[in-house]
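Below you'll find the structure, written out as structure tokens, and then a few comments.
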Amino acid sequence: MANEKILEELRSKLGDSQEENAAFLKKETERFIKEGNAEGIEAAGILILENMPDSQKAEIERLTTIDGKNLDEVYKEIAALIREKKFVEAKPIAEKLYKKIITDYQNTDKARFVSLRNPFEDNFYQLKFKPEQTLNRTPFDFSEYITAYAFLLLETGSPLDALPVLEKAIEYNPVDCGPYFEMAEAYKLLKNKRQVIETTKKTLEIASSPVAIARCYANIGYTLVDMGEFDDAVCFYTASVMYAPDPMIPLEMQNIANRTNKPIRHPEREKVIETMKKYGIEYGVNTDVLSVCAQLAVHYLGEKDIPNALQALKMTYNLTRDEKIKEMILKYDPNAERLVPDQKPVSENGKPNITQTVNEDK
């Protein structure tokens, strides 16, 4: 439900000219997107639809619905089936949604559709990819929708088919770790260890949370176990828990101990960093990610936009554990007792949480 206060405020500024109203609402929508204000985006969308001629309304309805259902409602139905582990039932619905997206939201040489979800992703995307095309921001999270379909392909035994689907998900949001993680899972199932490592390297370039970074390291640890590189695997598993605790990592370590028939010796930090460099990986967060987080914090503080500033500050703190940043957070939000939330084994939308990384029994 759209925020009634925002709806009322926007509606009060509308006039008699359809063209002027459309231009005003477009500008407000862009502002809400930059602010990451989902309620504002929804309210502006409602008014844009109200302001359109009937022919345009019909086209919008065609683009945003399947069999009379809003695309978001269709995705919620898929997510509910995934939560219930009804993968076979969910798969044809997800396939229909996928085909709808790639058919009706195609990129061109001059413009592309993107599903950037917040100011960080928007700014990071601009910095990393420097797009020259016009960016059309989609009204839905197509990257998430498509990744869910790929997940279902994996769960129903089609990892090879999942790969081009995940490439499409990445097209809509190249700074979303989700499709990259599912791609690594596909390569695990295909026993393509080299591609697991290469995909994980790409994921580390965009990972913006300790849990995401930890899963990257754990994924490489998993692959190294399969390659028989047990000592190196221990280093990567150790790096993983250095970034974020995961109850599965001790089980992974025990698996190594069982297979080598000797106790695990936990390496020192210097050994971990040295081992990671062998694989072309620097320990820690990507500097571009950290730079965008910090720049957003400074920008929003200058604009006196405290909610968005706090979001950026918390991202920066989670990645650095800098006590000075923590002090700034507590200055603006004294109740911020926990800056890193507990991780759940399954996310609310039914997809695997990024903390999950489990070796198959050998």
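In this text, all values refer to a predicted model and were calculated from it rather than measured experimentally.
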Check: With a 6.0 Å cut-off on ring centres, are Tyr145 and Tyr98 close enough?
Finding: no

Using distance alone, with no hydrogens and no angle criterion, decide if Glu8 and Ser12 have a side-chain donor and acceptor under 3.5 Å apart.
-> no

Is any NZ, NE, NH1 or NH2 atom of the basic residue among Glu77 and Lys69 found under 4.0 Å from an Asp or Glu carboxylate oxygen of the other? yes

Practice prompt. Could you tell me whether a side-chain N or O of Tyr243 sits under 3.5 Å from a main-chain N or O of Val285, the two making a donor and an acceptor?
Written response: yes

In terms of heavy-atom contacts, Glu205 and Val289 come closest through O-CG2, 3.7 Å

What one should report as the nearest heavy-atom pair of Asp232 and Lys278 is OD2-NZ, 2.8 Å

* Asked: Is it the case that Tyr172 and Asp141 place a side-chain donor and acceptor less than 3.5 Å from each other?
  -> no

- Query: With the threshold set at 4.0 Å, does a side-chain nitrogen-carboxylate oxygen contact exist between Lys96 and Asp67?
  - Reply: yes

ask   = Looking just at side-chain N and O atoms, do Glu144 and Tyr75 make a donor-acceptor pair shorter than 3.5 Å?
value = yes

Handout entry: Asn173 versus Ser115, side-chain donor and acceptor atoms under 3.5 Å
Key = no

| said: I'd like to know if Lys324 pairs up with Glu327 as an ion pair, taking the criterion as any Lys NZ or Arg NE/NH1/NH2 lying under 4.0 Å from an Asp or Glu carboxylate oxygen. | reply: no

Are Lys76 and Asp72 close enough for a salt bridge, meaning some N to O gap below 4.0 Å? yes

Test side chain to side chain contact (heavy atoms under 4.5 Å, CB included), reference Thr199, set Arg194, Glu185, Lys188, Met183, output is Met183

Checklist line | Gln254 (side chain) donor-acceptor with Pro250 (main chain) under 3.5 angstrom | finding: no

Kindly indicate whether the side chain of Lys110, heavy atoms from C-beta on, has any atom under 4.5 Å from the side chain of Thr134. no

message = Closer than 4.0 angstrom, basic N to acidic O: yes or no for Glu95 and Lys91?
response = no

Checklist entry - Under 3.5 Å, is there a donor-acceptor pair between the side chain of Tyr237 and the main chain of Tyr222? => result yes

- Item | Asp305 and Asn308 side chains, donor-acceptor separation under 3.5 Å | yes

